[in-house]
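The block underneath contains the structure these notes are about, expressed in structure tokens.
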Amino acid sequence: MKVAITGSTGFVGSRLVQRLHGEGHKIVVLTRNTTFAQKVFPSEAFPNVEIVGYIPNASGSWQSVIASCDGVVNLAGEPIGEGRWTPERKQEILNSRKLGTQKIVEAIANANSKPSVLINASAIGYYGTSETATFDETSLSGNDFLAQVCQAWEAEATKVKDDGVRLVILRFGIVLGNGGALGKMIPPFKLFAGGPIGSGRQWFSWIHVDDLVNLILQALTKPEIEGVYNATAPNPVRMADLSQTLGQVMNRPSWLPVPGFAIEALLGDGAIVVLEGQQVIPKRAVQTGFEYKYPNLQSALTQILN
């Protein structure tokens with residue numbers, strides 16, 4: 001295959017590029033920073049990677065590269081859990097997803113030879129937050145800021161179906177691997193100062209990065225996979241259980257809670273990502289027979305930390 005990927009130098013995207021390249025596929029890396037991308041994917045190590053500079057929110061000559069691709073994976077978007085959610089920051093978070101997806105769909109519409117599939121990232125923030133509800137792909141959306149972002153993001157992606165292109169929307173849970181959210185949780189545990197964040201009762205719906213990459217690969221190669229899929233492991237946990245398991249795997253105590261007000265002081269509105277959660281079940285992935293390498297938290301954390 002030849003696959004175009006946005007967000008390809010990020011935590012998930014770089015792992016996806018490595019995997020596709022290892023299997024002999026060709027990859028078009030669409031990036032805002034070609035110099036950085038060349039460091040991440042040096043040509044001698046990644047001869048099948050073509051690096052193309054682009055402005056995500058603007059039409060341009062970059063869009064022509066989509067025409068030669070079999071599939072497109074759209075992972076781009078401003079980080080949600082970094083920095084305070086000022087009005088300007090919230091607009092950046094929304095525009096990076098809504099307008100960025102709009103331009104990808106526009107490129108596909110204008111291509112003479114269209115890719116057969118668009119795989120578009122979304123997030124489980126689509127469902128809003130709850131300590132009691134369980135969400136699957138048929139659940140209604142929430143009405144907070146993140147839910148509204150996900151709705152706008154997915155609405156733009158859905159337009160690709162007007163051109164007869166298969167669409168797969170993957171609603172990402174919190175992705176665990178070397179980096180990402182887990183990378184921020186590990187240092188306090190190393191210093192014997194780890195513990196649950198906030199009440200500890202909030203749900204933590206997660207997925208190992210390798211399982212997420214496998215899910216993306218299946219979506220690329222299996223024509224019967226279409227529509228919305230929750231990209232989460234089948235066993236979500238509460239924050240207190242996450243902290244306890246992380247402490248066990250690291251052989252560190254996990255009794256020192258991080259108070260919610262401390263997170264709110266650091267992140268402002270963005271604290272909702274860690275202080276409130278949602279229990280999300282990957283009903284459709286399980287129904288299709290997807291085999292998780294890391295279905296439970298203990299196995300996932302053990303692999304990552306060892």
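The basis for the numbers below is simple: all heavy atoms, side chains too, and nothing from hydrogens, waters or symmetry mates. Since we're looking at a predicted model, the values are computed, not measured. Index from 1, following the sequence.
The hydrophobic cluster analysis finds I55 isolated: no Ile, Leu, Val, Met, Phe, Trp or Tyr side chain comes under 4.5 Å of it, directly or through other members.
Ring centroid separation for the pair F290 and Y292 comes in under the 6.0 Å cut-off.
Residues Q102 and V105 fail the side-chain proximity criterion, which asks for heavy atoms closer than 4.5 Å.
Residue N306 qualifies as enclosed at atom CG: its count of foreign heavy atoms under 6.0 Å is above 12. Within 6.0 Å of CD on E23 lie more than 12 heavy atoms contributed by other residues, nucleotides or ligands. Counting heavy-atom neighbours within 6.0 Å of L191 CG, excluding the residue itself, gives a total above 12. No more than 12 heavy atoms of other residues, nucleotides or ligands sit less than 6.0 Å from atom CG of N251.
Annotation for A157 and L167: closest pair O-CD2, 3.6 Å, computed over non-hydrogen atoms. Between P257 and P259, the closest heavy-atom pair is O-CD, 3.5 Å. What you find for L75 and G13 is that their closest heavy atoms are CD1-CA, 3.7 Å. The two atoms that bring T31 and I51 nearest to each other are CG2-CG2, 3.8 Å, heavy atoms only. Summarising the geometry of M239 relative to F204, their closest heavy-atom pair is CE-CD1, 4.1 Å, with the distance given to 0.1 Å. Of all heavy-atom pairs spanning S254 and S243, the tightest one is CB-O, 3.3 Å.
Checked by atom type, the side-chain pair T138/D136 shows a donor-acceptor distance below 3.5 Å. One side chain, Q151 or S141, offers a donor N or O that lies under 3.5 Å from an acceptor on the other. For the residue pair Q218 and T221, no side-chain donor N or O sits within less than 3.5 Å of a side-chain acceptor on the partner.
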For this session: Please lay out, stage by stage, how S199 and E131 fare under the test side-chain contact (heavy atoms from CB on, under 4.5 Å).
Result: CA-CA 11 Å; S199 70; E131 278 191 14; 4.0 Å; yes

For this session: Decide yes or no on side-chain hydrogen bond (donor to acceptor under 3.5 Å, both in side chains) for N235 and N296, but give the supporting numbers first.
Result: CA-CA 6 Å; N235 297 296; N296 62 69; over 6 Å; no

For this session: Evaluate the salt bridge (Lys or Arg N to Asp or Glu O under 4.0 Å) criterion for residues D210 and R19: first the C-alpha distance (whole Å), next the side-chain angles of each, then the deciding distance (0.1 Å), finally the verdict.
Result: CA-CA 9 Å; D210 288 349; R19 180 72 181 279; over 6 Å; no

For this session: Apply salt bridge (Lys or Arg N to Asp or Glu O under 4.0 Å) to the pair K98 and E78, showing each step before the final yes or no.
Result: CA-CA 11 Å; K98 181 179 178 179; E78 286 291 321; over 6 Å; no

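Looking at K114, its side chain does come within 3.5 Å of a backbone N or O of A111 through a donor-acceptor pair. Here the side chain of Q202 pairs a donor or acceptor atom with the backbone of I197 at under 3.5 angstrom. Looking at K90, its side chain never comes within 3.5 Å of a backbone N or O of W85 through a donor-acceptor pair. Distance alone, capped at 3.5 Å, is enough to place a donor-acceptor pair between the R238 side chain and the R201 backbone. Checked by atom type and distance alone, the side chain of H25 pairs as donor or acceptor with a backbone atom of M1 at under 3.5 Å. Side chain of W206 to main chain of L242: no donor-acceptor pair is present (N/O by atom type, distance under 3.5 Å, no hydrogens or angles).
Each of L16, V29, V28 was scored for a side-chain contact (heavy atoms from CB on, under 4.5 Å) with I5, with one residue passing: L16.
Note that CG of N74 is 4.5 Å distant from CG of N120, once rounded to the nearest 0.5 Å. Rounding to the nearest 0.5 angstrom, the gap separating the CD1 atom in I27 from the CD atom in E50 is 11.0 Å.
With F192 as the aromatic partner, R252 meets the cation-pi criteria of under 6.0 angstrom to the ring centre and within 45 degrees of the ring axis.
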Please list every donor-acceptor pair under 3.5 Å in which a side-chain atom of residues 274-285 meets a protein atom from a residue at least two apart or in another chain.
{"unit_1": "E276", "atom_1": "OE1", "unit_2": "T129", "atom_2": "OG1", "d": "2.8"}
{"unit_1": "Q278", "atom_1": "NE2", "unit_2": "G128", "atom_2": "O", "d": "2.8"}
{"unit_1": "Q279", "atom_1": "NE2", "unit_2": "T134", "atom_2": "OG1", "d": "3.0"}
{"unit_1": "R284", "atom_1": "NH1", "unit_2": "E226", "atom_2": "O", "d": "3.0"}
{"unit_1": "R284", "atom_1": "NH1", "unit_2": "V228", "atom_2": "O", "d": "2.9"}
{"unit_1": "R284", "atom_1": "NH2", "unit_2": "E226", "atom_2": "O", "d": "3.2"}
{"unit_1": "R284", "atom_1": "NH2", "unit_2": "Y229", "atom_2": "OH", "d": "3.4"}

Using a 3.5 Å cut-off and no angle test, enumerate the donor-acceptor pairs between side-chain atoms of residues 169-183 and protein atoms at least two apart in sequence or in another chain.
{"unit_1": "R171", "atom_1": "NE", "unit_2": "E154", "atom_2": "OE2", "d": "2.8"}
{"unit_1": "R171", "atom_1": "NH1", "unit_2": "Y127", "atom_2": "OH", "d": "2.8"}
{"unit_1": "R171", "atom_1": "NH2", "unit_2": "E154", "atom_2": "OE1", "d": "2.8"}

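V12 and I80 sit in two unconnected hydrophobic clusters of ILVMFWY residues. Membership requires side-chain heavy atoms under 4.5 Å apart, directly or through other members.
In terms of the salt bridge (charged side-chain N to carboxylate O under 4.0 Å, His left out) criterion, K293 has no residue partners (sequence neighbours excluded). For Q63, the side chain to side chain donor-acceptor pair (under 3.5 Å) criterion is met by E106, not counting sequence neighbours. Checked against side-chain contact (heavy atoms from CB on, under 4.5 Å), T86 has the following partners two or more places apart in sequence or in another chain: E88, R89.
Note on ring orientation: taking the six-membered ring where Trp is involved, the planes of H208 and Y294 are parallel (angle under 30°, cut-offs 30° and 60°).
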